[in-house]
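Read the structure below first, then the notes.
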There are 4 protein chains.
Amino acid sequence: MRISDRPKGLAREGILAAATHLFLDKGVDKASLSDIAKEAGVSKGTLHYHFASKNDLIFAITEAHMETITRELLQLLERMRESPDRLFALLMTSLLEARDRGRLHLHLVREAVAGNPELREKIAETYARWEEMLAAALITLFPDHRAASDIAKLIIAIIDGCVIQELVREQRMDFSVLIEALIALNRPFFTSGSRS
Amino acid sequence: MRISDRPKGLAREGILAAATHLFLDKGVDKASLSDIAKEAGVSKGTLHYHFASKNDLIFAITEAHMETITRELLQLLERMRESPDRLFALLMTSLLEARDRGRLHLHLVREAVAGNPELREKIAETYARWEEMLAAALITLFPDHRAASDIAKLIIAIIDGCVIQELVREQRMDFSVLIEALIALNRPFFTSGSRS
Amino acid sequence: MRISDRPKGLAREGILAAATHLFLDKGVDKASLSDIAKEAGVSKGTLHYHFASKNDLIFAITEAHMETITRELLQLLERMRESPDRLFALLMTSLLEARDRGRLHLHLVREAVAGNPELREKIAETYARWEEMLAAALITLFPDHRAASDIAKLIIAIIDGCVIQELVREQRMDFSVLIEALIALNRPFFTSGSRS
Amino acid sequence: MRISDRPKGLAREGILAAATHLFLDKGVDKASLSDIAKEAGVSKGTLHYHFASKNDLIFAITEAHMETITRELLQLLERMRESPDRLFALLMTSLLEARDRGRLHLHLVREAVAGNPELREKIAETYARWEEMLAAALITLFPDHRAASDIAKLIIAIIDGCVIQELVREQRMDFSVLIEALIALNRPFFTSGSRS
DNA sequence: TATGAATGAGTTTTCATTCAT
DNA sequence: AATGAATGAAAACTCATTCAT
């Protein structure tokens with residue numbers, strides 16, 4: 001809030017915002033540092049003053065992105081106590097509603113997988129953390145249920161899968177329908193009708 | 001069969017194989033045409049003789065990749081008639097077992113999403129086709145079930161989601177456990193015990 | 001001589017000539033690849049086609065430079081049989097007469113010493129070779145003389161030292177005088193007059 | 001002595017020390033002002049406060065370096081009166097024993113030769129001064145000897161040449177051997193045995 | 001068909017220098 | 001005296017593409 005804060009932070013924040021936008025839009029590889037500097041309204045020199053390399057920038061943005069999702073997931077799980085039966089629907093609509101976030105997520109995950117081991121490690125750790133958070137919440141809500149950790153894994157996978165579907169097919173997924181499908185799924189296919 | 005045929009086909013196939021390998025390994029952007037030409041053992045000139053642009057090459061590889069999966073899906077659905085109750089497990093283990101395929105898939109999807117609309121369209125169409133194939137198979141196997149199309153969508157999403165998990169966390173997913181989870185999922189969480 | 005030779009070799013030779021000239025003139029660090037490309041009349045892309053990195057170019061030029069001196073030294077030692085008493089004068093005037101060569105030599109040696117171990121090794125080997133060649137020639141000319149190898153070392157050092165003097169003070173050294181000095185040197189200073 | 005004096009002098013001295021170390025280590029061109037500021041533990045702003053440009057810094061360091069050698073040469077020539085017969089050996093071992101000094105010397109000389117005329121002039125003057133000092137000392141020690149000035153020139157050249165040899169070949173020169181060689185040199189090679 | 005030489009636009013990165021505080 | 005944020009010019013290097021042969 002102090003005046004002296006602004007000049008310092010502003011450039012850095014502006015760069016992060018510009019980079020986030022361009023990474024999201026064109027992907028990490030195709031967004032050049034020139035593009036980012038231009039969009040942030042700073043010189044390339046300034047950009048490198050704040051982020052020594054492109055990798056640093058990617059890392060900073062990934063950290064912020066993962067942190068944002070984690071925070072949101074936490075809030076979501078809090079709210080869930082009031083209406084546990086809608087957990088799944090809430091989770092998916094909330095986490096997916098920002099299509100931009102999904103887009104950025106895909107780009108960062110791909111960057112991590114394509115030869116950026118540190119980044120991959122970072123993302124893997126966050127995934128593991130989400131899984132734990134989800135599993136813990138499930139156990140609180142349904143103390144008598146086993147396999148909470150597996151269900152957590154499954155939920156995360158479904159969300160990621162839906163992100164891809166949305167991005168590729170450019171159409172919203174209708175979750176109410178998906179959830180119906182999930183409910184219906186178990187009866188005929190896995191138990192092969194034996195559950196009377 | 002004529003002698004003159006062979007070199008022609010061979011060079012093209014060699015390029016495709018090299019490009020597939022490098023795209024899979026480093027991603028589409030980071031694999032340069034020089035790398036590919038070198039790995040294929042041809043000159044850059046030859047590469048451009050067979051594929052006018054990098055985009056052409058990407059497109060050809062995407063087509064081949066999607067076609068491979070489609071073919072495999074078809075065979076899988078055939079085999080399914082004999083043991084319909086294991087459909088899901090079979091689907092997932094088969095489609096995921098080649099980790100390379102998942103890796104390539106991620107890279108191609110990302111390339112499509114990041115500013116390559118033609119490619120995106122191509123992939124979207126194939127996804128739609130898979131969905132139809134799956135839905136049709138489900139209807140054949142379980143004629144009295146509704147929402148086959150939604151379940152198809154869900155299955156595809158789960159598979160994509162698992163691919164990402166595997167790539168990021170570098171650990172195989174245990175499907176038997178996931179399927180258990182799926183079965184267990186519907187009871188407490190969605191029906192919240194209301195199922196009589 | 002064939003027509004097909006020319007286009008191929010020409011660019012490479014042109015680049016080497018331009019780089020030699022600029023390295024000599026401004027030093028290795030201050031001669032940029034842009035400068036070199038411009039002087040050679042080719043694009044920067046072409047330059048990198050022929051020499052993958054600046055280091056490659058430096059190395060190629062160093063090799064050529066050292067080779068030139070070696071060749072010349074060989075010819076000199078041949079000619080020496082006819083007038084062995086003028087060996088030293090001949091050596092120094094010949095090797096130093098091309099001031100450009102000395103200039104280039106200083107730049108390359110400095111580059112080698114400042115963090116280019118491969119280059120340093122290359123130059124060190126050539127120095128050792130010169131020393132051997134010189135020592136062998138001395139032994140042939142004066143079979144009864146010991147310490148040929150040490151004298152060779154000394155001669156090389158004197159030449160290098162004179163190169164530096166010339167470059168820094170921008171004035172030719174007068175060798176006849178230096179040689180006089182060398183002759184005079186031993187009597188009073190080292191033997192302190194004891195040599196009757 | 002006042003408190004306010006110290007920080008001022010200290011920063012400047014720290015910068016000079018850091019720059020000397022880095023120039024010596026990596027060469028003048030490859031040592032960046034950022035590196036130097038970091039090693040000196042000051043900001044880049046401070047560095048520019050004390051030295052308006054990199055050239056200023058180079059110049060200051062060169063002056064200090066040349067002054068150090070001059071001072072040492074003076075002391076050496078003083079001590080020489082007591083054992084004039086060992087002049088040469090003493091000179092060379094003393095001036096060369098600090099290998100770092102030779103390294104720095106090479107870098108500064110090269111910088112001077114490569115497009116820094118002021119610096120070149122400065123160094124040339126100092127060389128001339130050394131020559132005079134040496135010649136004067138020689139005349140004092142050996143009043144009846146002619147060509148003292150040429151011998152001085154020769155001695156300086158030999159020292160510079162040995163510095164290069166040492167740096168490139170990374171092995172100490174054995175001076176006793178070199179001196180032997182010098183003594184031996186004059187008889188057979190130059191006079192070709194004619195010295196009755 | 002196939003090549004390799006050539007290109008130019010573009011990439012990330014480095015760096016000496018300036019300046020408000 | 002000292003700082004650190006900012007800059008722009010220039011560095012080395014990459015790469016898809018073109019083209020004569």
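Note: hydrogens, waters and symmetry copies are ignored here, and every other heavy atom, side chains too, is used. Here is how names work: the chains are called A, B, and so on, in the same order as the sequence lines, proteins then strands, and each is numbered from 1.
- Look at NZ on B/Lys30: it is 14 Å from P on F/dA16, rounded to the nearest Å.
- Remark on DNA chain E: of its neighbouring residues D/Ala52 and B/Leu47, the 5'-side contact belongs to B/Leu47, judged by nearest-heavy-atom nucleotide.
- Judged by distance alone, with hydrogens and angles left aside, the side-chain atoms of A/Arg120 form no donor-acceptor pair with the main-chain N or O of A/Val113 at under 3.5 Å.
- In this entry the distance linking CD1 of D/Ile15 with P of E/dA16 reads 14 Å, nearest Å.
- Separation of atoms CG (C/Asp100) and OG1 (C/Thr20) is listed at 10.5 Å; rounding is to 0.5 Å.
- The phosphate of F/dA2 (OP1 or OP2) has a side-chain N or O of D/His50 nearer than 4.0 angstrom.
- Rounded to whole Å, the separation between the C1' atoms of E/dT1 and F/dT21 comes to 13 Å.
- Between D/Lys54 and E/dA16, a side-chain N or O to OP1/OP2 separation shorter than 4.0 Å is present.
- Among the heavy atoms of the strands lying under 4.0 Å from C/Ser32 are primed sugar atoms or P, OP1, OP2 only; no base atom is included.
- If A/Asn55 and B/Gly41 are placed on DNA chain E by their nearest nucleotide, the residue sitting closer to the 5' end is B/Gly41.
- Between B/Lys44 atom NZ and E/dT7 atom C1' the separation is 10 Å, expressed in whole Å.
- Positionally, the nearest nucleotide of DNA chain F for A/His48 lies more toward the 5' end than for the other of B/Asp29 and A/His48.
- A/Arg103 places a side-chain N or O within donor-acceptor distance of the main-chain N or O of A/Leu24, the cut-off being under 3.5 Å.
- Here E/dT13 is the nucleotide among F/dA2, E/dT13, F/dC13 with the atom lying nearest to any side-chain atom of A/Ser53.
- A salt bridge is absent between B/Lys54 and B/Asp29: the closest approach of a Lys/Arg side-chain nitrogen to an acidic carboxylate oxygen does not fall below 4.0 angstrom.
- At a threshold of 4.0 Å, the pair A/Asp35-A/Lys30 does not count as salt-bridged, since none of the basic side-chain nitrogens sits closer than that to a carboxylate oxygen.
- Using a 4.0 Å cut-off, no side-chain N or O of C/Ser43 falls inside it from OP1 or OP2 of E/dA6.
- Rounded to whole Å, the distance from CZ on C/Phe51 to P on F/dT14 is 16 Å.
- Atom pair A/Arg12:CZ and F/dA6:P shows a separation of 11 Å (rounding to whole Å applied).
- One atom, NZ of B/Lys38, and another, P of F/dT14, lie 10 Å apart when rounded to the nearest Å.
- With distances taken from any side-chain atom of B/Thr46 to the nucleotides F/dA12, E/dA2, F/dT17, the minimum falls on E/dA2.
- When both distances must be under 3.5 Å, the Watson-Crick or G-U wobble mate of F/dA20 is E/dT3.
- For the OP1/OP2 pair of E/dA2 and a distance below 4.0 Å, the side-chain nitrogens and oxygens of B/Tyr49 include no atom meeting the criterion.
- D/Ile36 places its CD1 atom 11 Å from the P atom of E/dT17, with the value rounded to the nearest Å.
- The nearest whole Å value for the distance from the CG atom in C/Leu57 to the C1' atom in F/dC13 is 14 Å.
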